[in-house]
Each structure stands twice: as C-alpha cells, then as structure tokens.
Number of protein chains: 2
Amino acid sequence: MISASLEDYLEFIHNTILEKKEIKAINISKAFNISRPSVSEALIRLADMDLIIYEGRKGIKITKKGIKQAQKTVKKHKILSDFFTEVLKIDREQAEKNACKIEHVIDDEIIEKMKKYKESKLKNNE
Amino acid sequence: MISASLEDYLEFIHNTILEKKEIKAINISKAFNISRPSVSEALIRLADMDLIIYEGRKGIKITKKGIKQAQKTVKKHKILSDFFTEVLKIDREQAEKNACKIEHVIDDEIIEKMKKYKESKLKNNE
DNA sequence: ACATTAAGTTAGGTTTACCTTACAATATAG
DNA sequence: CTATATTGTAAGGTAAACCTAACTTAATGT
C-alpha cells in the first residue's frame, strides 16, 4: 500500500508529464512546499516500489505500474471534485482541496456510486 | 491540530463514556487493536492537549474541550455515514468504514451541504 | 494471605515523512 | 572559461504512531 504523500507526488508526476512532457525533483519540491532532500527521499521510495524510474538529474520516468496507480488516483480525484461541485454545489477551490485529501482514503465502491449518482442526476436534468 | 489517530481515540472515549459511563485504556487497546503502551502514549498526548484528564488506573475523564472536539467528529461521522447510506445507497458497514476515515479530512462546509442535500431529498421524498 | 492474572508503564526500537546544514555536480552568465 | 546559481545528495535530526519485552502495581480466586 502506498501512502497519501507518495500518492500525491505520483499523481503530480503523472499530471506534469502529461502536460509538460517532463518533470524534475525541484518541481515537486516547489509544488508541495517540501525540501529538496525530502523529495529525493520520496522519489527513492517511489522507485523502490517500481512506480517510477529515477536517475537523478537524468530525469524521472513513470512506469506502467506507476501510470496505472496514478490514473486510479486521478480518476478518484475527478469524480470527487465533480460530485462536490455539481451535486453539492461546492466552489471549485474547496472541492479540489477536499478531493485531494479524500481521494487517498475513500473506497472505489463509493466513488463509483458518486459517479453514477451524478450521471443520473444530469440525465434527469434536475 | 489533532491527528486522525488521536481524533479516533477521543471519539471512542466520548462515545464509550456516554454509553457505559466509564472507559479504561485497555478498552481502547482492544477496540483499535493497538498495544497498551501505544494507548498510554496516546492518552498522555490527549491529556497534554487538555482534551482528557488521565490519571492512569484512576480513569479517563473527558474535558469540556474534549467533548466539544469529539462532538464535532461524531457529527461529521454521522452526516457522512447517513449521506452514504441514504443518498448513495452504500451498505451500512462500508459507509461506516469510509466515514471513519473521511471525517478526519473533510471540511465543515461540505459536511453542511451533505446534510442539507440529504434533508431536502427526504422532504421531496425522491 | 498469597499466587495468578490484568492493567498500565518504562525502555528501547521501527518506519514514515518531514527538516536543516553542508557538500557535490551541473548549468548558465559574463 | 571561470564564477555563480541551480539542482540534487549525504548526513544527521525530529515527531508521530506504532511495536516488543520486561517490569510494576493492583485486583481476584482459592
């Protein structure tokens, strides 16, 4: 099992690679406001779990396994955030903030029900 | 700020006192499957925060501040659990399990919206 | 009353996730 | 092409939340 912190970093790595084609340790440091040594440590742990390939300055690559893992988190994040904004009418910023925390602890079944609930609500355009 | 673990223990202390009038460290140890030394440590930390008064075998008393804090958690727990079962049709067990984790990270505003959403849904008995 | 059991504490250890300070290596700017 | 700034690593430290083993103290059974 991956921790909430590592899951956050992996999610960020994945999103950043999709967006900008590459990512460096320093970007993670800045994005999460953690020290460079802490990032090094986290990247080593992610590499130990075969979620990324880390070769220092040569860059960070995400593995198949890492992509799968990150996609799961991203999916949860999106469903939570959409449910909060569209069903509960929470503002985007707060929805995002809460999705970031809840995505690490909520079960898949609840996520699926949230998704279905939102979809059927939209269909019946209530 | 109180940690998720301490919040869990305080919630359990509060609920148990309401139900059985008293609680001992050993009950927490059994309920959460953690060692007696870990409970001692946690109780000392809760006492340091003035959430309980702890005098070893003489018992555990919850302070005003502790009751307030615990009630907040209990409220969040109940709203989450009810929302999951009544709105999303999640089974009780899973709803409880997830409420236990989410209650520590979710903002009050979302909890309030969940409560209102559920109430208005019941009123219109959809 | 005394042995056993139960409950709690002490001491010392682990892992995770952070930190700072100091150093090494690489890029960039003049 | 060297000086400076950027990025990363090493070493060592902290706090939280757990653990085990060993001890103390209190309660209980016979």
Side-chain angles (χ1 to χ4, degrees), chain A residues 1-14 16-17 20-62 66 69-70 73 97 100-105, chain B residues 1-14 16-17 20-62 66 69-70 73 97 100-105:
Chain A
M1 246 284 86
I2 190 174
S3 72
S5 300
L6 293 188
E7 204 163 72
D8 274 331
Y9 306 152
L10 186 66
E11 189 183 0
F12 180 74
I13 290 166
H14 182 247
T16 307
I17 288 174
K20 317 206 171 143
K21 299 285 176 218
E22 68 156 35
I23 181 159
K24 285 188 291 177
I26 190 80
N27 306 136
I28 300 168
S29 171
K30 281 173 185 160
F32 292 92
N33 243 295
I34 63 172
S35 70
R36 281 173 287 127
S38 297
V39 176
S40 275
E41 208 181 292
L43 293 177
I44 288 164
R45 234 172 300 134
L46 286 173
D48 281 347
M49 296 167 135
D50 290 313
L51 297 169
I52 61 165
I53 294 159
Y54 184 47
E55 292 164 304
R57 279 164 225 265
K58 284 190 209 156
I60 301 167
K61 275 165 223 151
I62 191 161
Q69 172 76 251
T73 313
K97 199 187 98 196
C100 269
K101 292 185 283 176
I102 298 172
E103 68 192 15
H104 304 299
V105 299
Chain B
M1 244 286 86
I2 190 173
S3 72
S5 299
L6 292 188
E7 205 164 70
D8 274 331
Y9 305 153
L10 186 67
E11 188 184 4
F12 180 73
I13 290 166
H14 182 248
T16 307
I17 288 174
K20 318 206 169 144
K21 298 288 176 216
E22 66 157 35
I23 180 159
K24 287 187 291 178
I26 190 80
N27 307 137
I28 300 168
S29 171
K30 282 173 184 162
F32 292 91
N33 243 297
I34 62 172
S35 70
R36 279 173 287 130
S38 298
V39 176
S40 276
E41 208 180 294
L43 292 177
I44 288 165
R45 235 171 301 136
L46 285 172
D48 281 348
M49 295 167 135
D50 290 312
L51 297 169
I52 62 166
I53 294 159
Y54 184 47
E55 292 165 304
R57 282 164 223 265
K58 283 188 210 158
I60 301 166
K61 276 166 223 153
I62 192 162
Q69 172 76 251
T73 313
K97 198 186 99 196
C100 269
K101 293 184 283 175
I102 299 171
E103 68 193 15
H104 304 298
V105 299

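Because only heavy atoms are used, hydrogens play no part in the values below, and waters and symmetry mates are left out as well, while side chains stay in. Just so we're on the same page: letters track the sequence lines, and every chain starts at 1.
- Using a 4.0 Å cutoff to heavy atoms of chain A, the contacted part of DNA chain D runs 5' to 3' from D:dT7 to D:dA10.
- In this structure, the CD1 atom of B:Ile26 is 10 Å from the P atom of C:dA6, given to the nearest Å.
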Open item on the list: Checking B:Met49 against B:Gln69 for the side-chain contact (heavy atoms from CB on, under 4.5 Å) test, could you report, in this order, the C-alpha distance in whole Å, the side-chain angles of both residues, the deciding distance, and whether it holds?
Closed with: CA-CA 11 Å; B:Met49 295 167 135; B:Gln69 172 76 251; over 6 Å; no

Task: Summary of protein contacts for nucleotides 16-27 of chain C, nucleotide by nucleotide, where a base hit scores B, a sugar-phosphate-only hit scores S (4.0 Å, heavy atoms) - done: SBBBBB--BBS-

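- A:Glu41 places none of its side-chain heavy atoms less than 4.5 Å from the side chain of A:Ile44.
- Checked against side chain to side chain contact (heavy atoms under 4.5 Å, CB included), B:Val39 has the following partners two or more places apart in sequence or in another chain: B:Ala25, B:Ile28, B:Ser29, B:Ile34, B:Leu43.
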- [ ] Go through the steps to decide whether A:Ile17 and A:Lys61 satisfy the test side-chain contact (heavy atoms from CB on, under 4.5 Å), and finish with yes or no.
- [x] CA-CA 9 Å; A:Ile17 288 174; A:Lys61 275 165 223 151; over 6 Å; no

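- The shortest non-hydrogen separation linking B:Asp8 to B:Cys100 is OD1-O, 4.1 Å.
- Between A:Leu46 and A:Ile60, the closest side-chain pair of non-hydrogen atoms is not below 4.5 Å.
- Residue A:Phe32 is out of contact with every strand shown, counting any heavy-atom pair closer than 4.0 Å.
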Open item on the list: What verdict does the side-chain contact (heavy atoms from CB on, under 4.5 Å) test give for A:Ile62 and A:Leu10, after you've listed the backbone C-alpha separation in whole Å, the side-chain angles of each residue and the deciding distance to 0.1 Å?
Closed with: CA-CA 8 Å; A:Ile62 191 161; A:Leu10 186 66; 3.8 Å; yes

- [ ] Walk me through it: do B:Ile2 and B:His104 pass the test side-chain contact (heavy atoms from CB on, under 4.5 Å)?
- [x] CA-CA 9 Å; B:Ile2 190 173; B:His104 304 298; over 6 Å; no

